[in-house]
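Note that the coordinates shown come from a computational prediction; the quantities given were computed from them, not determined experimentally. Labels below follow one simple rule: chain letters A, B, ... track the order of the sequence lines, proteins then strands, and each chain is numbered from 1. For the numbers below, each heavy atom of this structure counts, side chains included, while hydrogens, waters and symmetry mates do not.
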Number of protein chains: 2
Amino acid sequence: MRADARRNLGKIVEAAAEVVAERGVGAPMEAIAKRAGVGVGTLYRRFPDRDALIAAVGDHYIHTMADALDAADRGSADAWSAIWDFVCWVAEPGRAALSTALAVLPDEVIARRAEFARVRARWEERFDQVVRRAQAEGTMRRDVGVQDLIHLLNVFTCHPEDLPAPVAADPGRYLRLMLDGMKAGAATPAPSR
Amino acid sequence: MRADARRNLGKIVEAAAEVVAERGVGAPMEAIAKRAGVGVGTLYRRFPDRDALIAAVGDHYIHTMADALDAADRGSADAWSAIWDFVCWVAEPGRAALSTALAVLPDEVIARRAEFARVRARWEERFDQVVRRAQAEGTMRRDVGVQDLIHLLNVFTCHPEDLPAPVAADPGRYLRLMLDGMKAGAATPAPSR
DNA sequence: GCATAACCGGAATACGAGATTCCACTTATG
DNA sequence: CATAAGTGGAATCTCGTATTCCGGTTATGC
């Protein structure tokens with residue numbers, strides 16, 4: 001592979017990650033090409049079709065995600081702060097939407113990527129352990145689970161076009177609100193009336 | 001207007017409300033027609049174009065919404081339960097998605113509907129009063145406002161296709177979680193670390 | 001019962017958006 | 001410098017949906 005071609009490949013995956021973060025997994029090839037500063041033809045020389053390109057972005061990102069969770073876990077005194085830190089990490093600008101975008105990857109795409117599915121499963125399992133630990137430590141409500149956390153993460157870090165502008169501008173604000181509602185003792189006990 | 005035509009008109013608006021709730025304001029005319037049990041031609045005989053039909057749905061729904069808020073307010077001892085009850089009302093099955101669908105009505109549509117804009121403004125104002133009252137009563141955090149509540153309502157009652165399935169299946173669960181995070185005292189005071 | 005103005009369904013048409021292909025034209029590299 | 005590798009982006013193909021149109025129905029007044 002020629003040196004300039006390798007350079008372009010890098011630019012393409014990088015651009016794809018950015019554009020997917022902004023517009024979701026349905027982002028048009030042309031938008032990605034423009035962002036990378038290349039023609040659409042170049043995208044198709046490296047990837048057979050858009051699914052392959054999106055999958056490449058996913059492969060890279062899921063690892064980052066798993067690493068961030070591990071780092072938050074290692075770097076925190078207790079499980080609740082680990083969760084808090086990880087959620088804040090996901091909400092950081094430019095990263096937010098990507099995680100969700102990938103959450104809605106079509107099944108066909110995932111099926112052809114055993115690696116992706118495996119890493120994601122490991123991540124979920126790890127996340128679940130942290131959540132259970134937080135509950136055992138008495139800092140987190142017992143009537144919510146890791147799936148609730150994941151769904152809410154997905155909801156708030158959806159690509160900006162599908163969210164009210166203020167939410168897209170600061171998903172962290174709403175994610176923190178959600179965490180506050182998940183703290184032990186925050187639960188509203190009975191039906192309201 | 002012939003009797004059968006009037007009957008169809010009713011079926012159309014009703015069907016449109018259902019389909020918009022399920023698929024958002026972008027729902028195809030054909031889906032609405034099928035739901036109403038009529039042909040697309042019939043839709044176009046009553047409404048010049050899809051915007052007009054969607055606007056008609058909005059006109060009707062915004063009134064229902066405003067009334068529900070007033071009812072929740074009148075029927076509750078304190079402002080916080082009024083908010084809680086109203087949020088639960090919005091989250092009720094079949095109603096949920098409609099309110100959000102309308103929140104993203106294109107500006108062109110709204111501009112041609114002074115009535116809609118007026119009722120919606122009155123509703124927001126009323127909602128804001130209740131929120132401020134709850135804060136004055138000491139039951140709600142002071143660092144969140146009515147706009148946060150509205151955004152969250154919009155996010156969670158989005159049409160099902162844009163939400164993780166479990167969230168779409170029970171938006172109330174997640175809205176209640178958010179409300180728990182908005183209660184006075186729920187705020188996490190400082191940065192986590 | 002009939003004439004007929006209103007209605008109807010839904011096939012046909014018009015479009016816009018975006019994926020994918022193709023090829024004449026560049027540019028690294030041995 | 002020869003040439004294989006690489007490139008941009010116009011052209012093509014597909015799809016999903018709005019909108020139009022019209023031959024066939026049906027309510028209604030007489």
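Comparing B:Asp51 and B:Ala3 by the nucleotide of DNA chain D whose heavy atom lies nearest to each, the residue mapping closer to the 5' end is B:Asp51. Nearer to the 5' terminus of DNA chain C, by closest-nucleotide assignment, is the contact made by A:Arg23 (compared with the other of A:Pro48 and A:Arg23).
Here the nucleotide nearest the side chain of B:Ala5, chosen from C:dT21, C:dG9, C:dC7, is C:dC7. Nearest to the side-chain atoms of A:Asp4 among the listed nucleotides C:dG10, C:dA28, C:dC7 stands C:dA28. Comparing atom distances between the B:Tyr44 side chain and each of D:dT20, C:dT21, C:dG9 picks out D:dT20 as nearest. Residue A:Pro28 places its side chain closer to C:dG18 than to any other of D:dA27, D:dT20, C:dG18.
The side-chain heavy atoms of B:Leu149 and B:Leu179, taken from C-beta on, include a pair separated by under 4.5 Å. B:Arg46 is not listed as a side-chain neighbour of B:Val13, based on a closest heavy-atom distance of 4.5 Å or more.
Look at A:Arg50 and you'll find a side-chain N or O under 4.0 angstrom from OP1 or OP2 of C:dA19. Dashed line: the shortest gap from a side-chain N or O of A:Arg7 to OP1 or OP2 of C:dA28 is not under 4.0 Å. In this structure, A:Arg45 does not reach the D:dG6 phosphate: none of its side-chain N or O atoms is under 4.0 Å from OP1 or OP2.
B:Ile12 places its CD1 atom 11 Å from the C1' atom of C:dC7, with the value rounded to the nearest Å. For the pair A:Asp49 CG and C:dT20 C1', the interatomic distance rounds to 10 Å; values are reported in whole Å. As a whole-Å value, the separation of A:Met29 CE from D:dT12 C1' is 16 Å. Atoms CZ (A:Arg46) and P (D:dA5) sit 11 Å apart, rounded to a whole Å. Going from atom CD of B:Glu30 over to atom P of D:dC15 covers 16 Å, rounded to whole Å. B:Asn8 places its CG atom 10 Å from the P atom of C:dC7, with the value rounded to the nearest Å. In this structure, B:Ile54 atom CD1 and D:dT19 atom P are separated by 11 Å, rounded to whole Å. In this structure, A:Phe47 atom CZ and C:dT21 atom C1' are separated by 18 Å, rounded to whole Å.
If you check every strand for non-hydrogen atoms under 4.0 Å, B:Arg6 touches nothing. Using a 4.0 Å heavy-atom cutoff across all strands shown, A:Ala33 reaches no nucleic acid atom at all.
Judged by atom type and distance alone, A:Arg2 reaches the base of C:dT27 through a side-chain donor-acceptor pair under 3.5 Å.
Annotation for A:Glu92: atom CD counts as buried by contact number, over 12 foreign heavy atoms lying within 6.0 Å. Applying the 6.0 Å contact sphere to CD of A:Glu14 captures no more than 12 heavy atoms from other residues, nucleotides or ligands.
Taking both residues in full, the closest heavy atoms of A:Glu137 and A:Trp80 are given as OE1-N, 4.3 Å, listed atom of the first, atom of the second, then distance.
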